[in-house]
Structures are given as C-alpha cells and as structure tokens.
Amino acid sequence: LILLPETELEHAILMAQRILSELNRAEFVYRNQSLRITMTFGVAEAISGLKMEELVNRVDQAMYYGKSNGRHCVCISDAGGYFHKIDQID
C-alpha cells in the first residue's frame, strides 16, 4: 500500500506507471534463469466523506480488477465506483 498525500489522481497514476516501466526494463536472474516480475496497481483518490477503510477497499478492488484483466497494469477506481484499466506508458 502506497499512500500519496496531497497528490492528484493523475500524478498517482503516473507514479504507478513509472514503477511498471522500470520493472519492464529491469532484469532479474535467479539460478541462471531470467525472471519477469509483474505488478498490478489499484489507484483511487480520496474524496470528501470517504472513510480510509472504504478508500483502501476501492483501491484493493481496482487492483483485483487489473489482475483479472491482464495483470501488470494500473487500474483506477473512479468516484462513481467504476474500474478502468490505464494504458501503459514507456
């Protein structure tokens, strides 16, 4: 869980995308075998009146949405409770 206080949704998305880009470029080797590391990010913005537990739940649901829709991606939970997979930038 990464909390980014005072950060707009768009900037949080960019940060998650940068982490994915770095993972794509990194080479991980274990016992002479190349490994591909994947991460799926759920991102949501805190809105007025939303409890922390609800925010974490929305982020968690967005992450599982991403895992069930291709993995290694960034997905957001918008203010309406809908999930969207964000295209990766490199």
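- E8 CD to L14 CG: the interatomic distance, rounded to the nearest 0.5 Å, is 11.0 Å.
- Under the 4.5 Å side-chain heavy-atom criterion for grouping Ile, Leu, Val, Met, Phe, Trp and Tyr, Y82 is not connected to I47 through any hydrophobic cluster.
- Checking E53, Q61, E54 one by one against N57, the side chain to side chain contact (heavy atoms under 4.5 Å, CB included) holds for a single residue, Q61.
- When hydrophobic clusters are built by joining Ile, Leu, Val, Met, Phe, Trp and Tyr residues whose side-chain heavy atoms come closer than 4.5 Å, directly or via intermediates, I19 is grouped together with I37.
- Here the straight-line distance linking atom CD of E27 with atom CZ of R36 works out to 14.0 Å at 0.5 Å rounding.
- Here the closest non-hydrogen pair linking A12 and T7 is N-CG2, 3.8 Å.
- Note that CG of L20 is 10.5 Å distant from CZ of R25, once rounded to the nearest 0.5 Å.
- Cluster annotation: M63 and L3 are assigned to distinct hydrophobic clusters (Ile/Leu/Val/Met/Phe/Trp/Tyr, side-chain heavy-atom contacts under 4.5 Å, transitive).
- In this structure, the separation between CD on Q17 and CG on N24 is 11.0 Å, given to the nearest 0.5 Å.
- Considering every non-hydrogen atom in both A62 and V43, the closest pair reads CB-N, 4.2 Å.
- Nearest heavy atoms, L55 versus A46: CD2-CB, 3.9 Å.
- Panel note: side chain R58, backbone I76; no donor-acceptor pair is recorded below 3.5 Å.
- Atom CG of L4 is separated from atom CD of E6 by 11.0 Å, given to the nearest 0.5 angstrom.
- A 6.0 Å sphere centred on NE2 of H84 holds more than 12 heavy atoms belonging to other residues, nucleotides or ligands.
- Looking at L23 and M39, their side chains come closer than 4.5 Å, going by heavy atoms from C-beta outward.
- Here the shortest heavy-atom pairing between L9 and E45 reads N-OE2, 3.5 Å.
- Applying the ring pair (Phe, Tyr, Trp, His ring centres under 6.0 Å) rule to pairs touching residues 13-72 yields Y65-F83, sequence neighbours excluded.
- Closest of all the heavy-atom pairs between C75 and K85 is SG-CA, 3.7 Å.
- Both M52 and L50 belong to a single network of hydrophobic side chains, linked directly or stepwise wherever heavy atoms of I, L, V, M, F, W or Y lie under 4.5 Å apart.
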